[in-house]
Each structure stands twice: as structure tokens, then as C-alpha cells.
Amino acid sequence: MKLQKTTFKPGDRVRLKDFDTRETSGLAKEESYPIADGDTHIIGDLAYKLYAENDRALLIVLQGTDTAGKDGAIRHIMRCVNAQATEVIPFKKPSSEELDHDFLWRVHKKIPATGNIGIFNRSHYEDVLVVRVHDLVSRREWQSRYQRINEFEKLLTGSGVTILKFFLHISKEEQRERLQARLDNPNKRWKFSKADLQKRALWDNYQAAYVDALTKCNTRHAPWHVVCADRKWHRNLVIGRIVRRTLEKMNPQFPPPEEDLDGITFE
Ligand code: AMP
Ligand code: MG
């Protein structure tokens, strides 16, 4: 099995056109399920060891337009992980207290603790995406943020946090179908927000902002992955495999037990 290539060279401009949103990595949906299922079980086992080791953390950043599948990806990755060893953090519009601080203040507090896998549903990247597209801060301010993000992520990786960043790449047509489904299905309506339509109207501005964020913040210490996500099963397969491989590379170990336990027996 050869999954789509998700990375691009640091320093190069990302070419989103090179990533086909409908990519299948040569697999059929039914073939992908047992593979993805196996990976989530391995993720669960490795997460358990990471928790026992209690020395390092894994941060997974999920970005993508509305309906790109961030919630679905979270459900998939966390399927087999002990709830105590995970943190899922959604980033919404900042509160007035948060706005009174620098943009990374609220983010730093939510970095996963040692032993944990943390997933950011949106992240500090909103501060160079929605904030840029809707002119919420000056151009000078958002332009200076890419470098601060790189430095912040460097600080984190230097303190034992491995960072994985996923851009869930869907087409405008796929978003249309998913938004329509949210309107048509009474059980999905709660997910629909009229604000999503305003954002959809600015699709091209968002794509341009994504290209810049991916390009300028694609570092060796915290690389971006572009995940072709029109097909939900493909999205899950690719993300699961990358999370699994990353945990395998981290190779967490159970801590050594206390000494002299061998002779102990219980009545
Ligand atoms: P949802 O992910 O659908 O729950 O929506 C969360 C909303 O909060 C999205 O519209 C985001 O763009 C918005 N949001 C997240 N972070 C920021 C930020 N730093 N500034 C402004 N809006 C934000
Ligand atoms: Mg929403």
C-alpha cells in the first residue's frame, strides 16, 4: 500500500493543485477499513505506553475549512485511546480576555501535558486565516505572526512535544454537498451556521491564506501534511497511518518498575 504523499519541501511554496482532493491512494473504501482499524488499535497501544512513560507529548493540529472533517478525524484517531490520556481542544472566537493577550497566550495553556495526545480542532493558525481574511487585525500584525508561530512551535518541540499538523483538503464542490446535507438532515442542522456561508463566499481568499500558512510554517520541526479529504475514509486512513508512524518513531517505553519486586507474593 502506498498512501498519497502528504508533505512538501520546507521552503517550497505548497501547490494545492498537486493534491487531488478526491485521491484514493489506489484503494477502495472497503479495503481501507481493516487497515485503518488496525492502525487505530496500534495507536491505542502506543498511546498507553506514552501515558505510562509520562515524559513527552504529541500535539495534533487539525485545520481545514468548514465541513472539511475535523470532527470526524478526531473521532477516528481517538477511537482506541484511553480518555484519560487525551485532550481535545476546540478553538473558537477568542474571548475578550484572550484578545487582551498575545494570540499565542490561550494556545500555550492548552498544549498537551506529558504522557498525553492533544488534538487541536482549529488552532493558532486561525490567527493567520480567519483573522487575515476578515481583517480582524492589521496586515502588519498578521504578517509578523508566521515567524512567531515557527518560533513557538520550535519552543514546544524543544520541550518534548512532537507536533503533527494536518490540513484537510476538500474541494469547493464537496463543501457544497456537505453544507447542503447539513441543511437537509434535521440531525445535522445543529452544525450549520449562517456564518459558514459568508466564509464560503470568501473561498478563494481562504485558500490563499491557507497556502501562505502552509508555506511559511512548513518547518522541519513541525511539518504540514496535506490530507486529501473529499473521501472521509481516505482522510481517516491517511491521518491514522501518519499518527501511528509518528508514535512508532517516538517509541515510548514503560518506565522501569520499582526494584526488588520479584520476590513479592500475595497471601
Ligand atoms: P466551529 O469550529 O465550527 O465550532 O467554529 C469556530 C469558529 O471560531 C470558526 O468560525 C473559527 O474561524 C472561529 N475562530 C477560531 N479561532 C479564531 C480566532 N483566533 N479569531 C477569530 N475567530 C476564530
Ligand atoms: Mg462550524
How are the rings of Phe166 and His225 set to each other: parallel, tilted or perpendicular (split at 30° and 60°)? tilted
Is there a donor in the side chain of Asp55 and an acceptor in the side chain of Thr114, or the other way round, less than 3.5 Å apart? no
I need the minimum non-hydrogen distance between Asn116 and Gln84, along with the two atoms involved. OD1-O, 4.0 Å
Report yes if the side chains of Phe192 and Leu197 come closer than 4.5 Å at any heavy-atom pair, otherwise no. yes
With side chain to side chain contact (heavy atoms under 4.5 Å, CB included) as the test, would you mind laying out the steps for Thr21 and Glu173 before giving the verdict? CA-CA 10 Å; Thr21 56; Glu173 173 58 19; over 6 Å; no
Could you measure the distance from the CD atom of Glu87 to the CD1 atom of Ile111? Nearest 0.5 Å is fine. 9.5 Å
Please report the C-alpha distance between Val14 and Asn218 in whole Å, then the side-chain angles of each, then the deciding distance to 0.1 Å, and finally whether the side chain to side chain contact (heavy atoms under 4.5 Å, CB included) criterion is met. CA-CA 9 Å; Val14 67; Asn218 185 38; over 6 Å; no
Nearest non-hydrogen partners of Ala113 and Ala57, listed with the distance: O-CB, 3.5 Å
Here's a test for you: under salt bridge (Lys or Arg N to Asp or Glu O under 4.0 Å), which of Asp45, Asp39, Asp37 qualifies with Arg244? Asp39
Thr86 vs Ile119, test: side chain to side chain contact (heavy atoms under 4.5 Å, CB included). Steps then yes/no. CA-CA 8 Å; Thr86 64; Ile119 304 196; over 6 Å; no
Answer yes or no: are there more than 12 heavy-atom neighbours, outside Phe19 itself, under 6.0 Å from its atom CZ? yes
Indicate if Val128 and Leu202 have the same hydrophobic cluster label, given that clusters are the connected sets of ILVMFWY residues with side-chain heavy-atom separations under 4.5 angstrom. yes
Decide if atom NZ of Lys199 counts as having more than 12 heavy atoms of other residues, nucleotides or ligands within a radius under 6.0 Å. yes
For the residue pair Arg220 and Pro223, establish whether any side-chain heavy-atom pair is separated by less than 4.5 Å. no
Drop me the distance from Leu46's CG to Glu53's CD, to the nearest 0.5 angstrom. 11.0 Å
Test item: side-chain donor near acceptor, Glu153 and Thr219, under 3.5 Å: no
Roughly how far, to the nearest 0.5 Å, is CG of Leu3 from CG of Leu27? 7.0 Å
Gln4 vs His234 side-chain heavy atoms within contact, under 4.5 Å: yes
Should we count CG of Asp100 as having more than 12 external heavy atoms under 6.0 Å? yes
Test item: Lys191 and Arg178 side chains (from C-beta on) under 4.5 Å apart, heavy atoms: no
Heavy atoms of Phe8 and Leu214 approach each other most closely as CZ-O, 3.5 Å
Partner of Glu151 by side-chain hydrogen bond (donor to acceptor under 3.5 Å, both in side chains), out of Gln147, Lys154, Arg148: Gln147
Spatial distance of atom OG (Ser193) from atom CD (Gln198) [nearest 0.5 Å]: 8.0 Å
Any side-chain heavy-atom pair of Arg132 and Gln143 under 4.5 Å: no
Specify whether Tyr210 and Tyr206 have parallel, tilted or perpendicular ring planes, treating 30° as the upper limit for parallel and 60° as the lower limit for perpendicular. tilted
Closest contact, heavy atoms only, Ala47 versus Val81: CB-CG1, 3.8 Å
Going by side-chain hydrogen bond (donor to acceptor under 3.5 Å, both in side chains), Gln63 matches just one of Glu126, Lys70, His124, Arg122. Which one? Glu126
May I ask whether Leu164 and Phe167 are part of the same hydrophobic cluster, defined by side-chain heavy atoms of I, L, V, M, F, W, Y residues being less than 4.5 angstrom apart, directly or through others? no
Which atom names give the shortest non-hydrogen contact between His76 and Ala36, and what distance separates them? CE1-CB, 3.9 Å
dist Lys110:NZ -> Ser123:OG (nearest 0.5 Å) comes out at 14.5 Å
Going through the distances and angles, do Phe152 and Val107 end up as a side chain to side chain contact (heavy atoms under 4.5 Å, CB included)? CA-CA 10 Å; Phe152 172 62; Val107 182; 3.9 Å; yes
Within a reach of under 6.0 Å around NZ of Lys29, are more than 12 heavy atoms found that belong to other residues, nucleotides or ligands? no
Please check if the number of heavy atoms outside Lys109 that lie under 6.0 Å from its NZ is greater than 12. yes
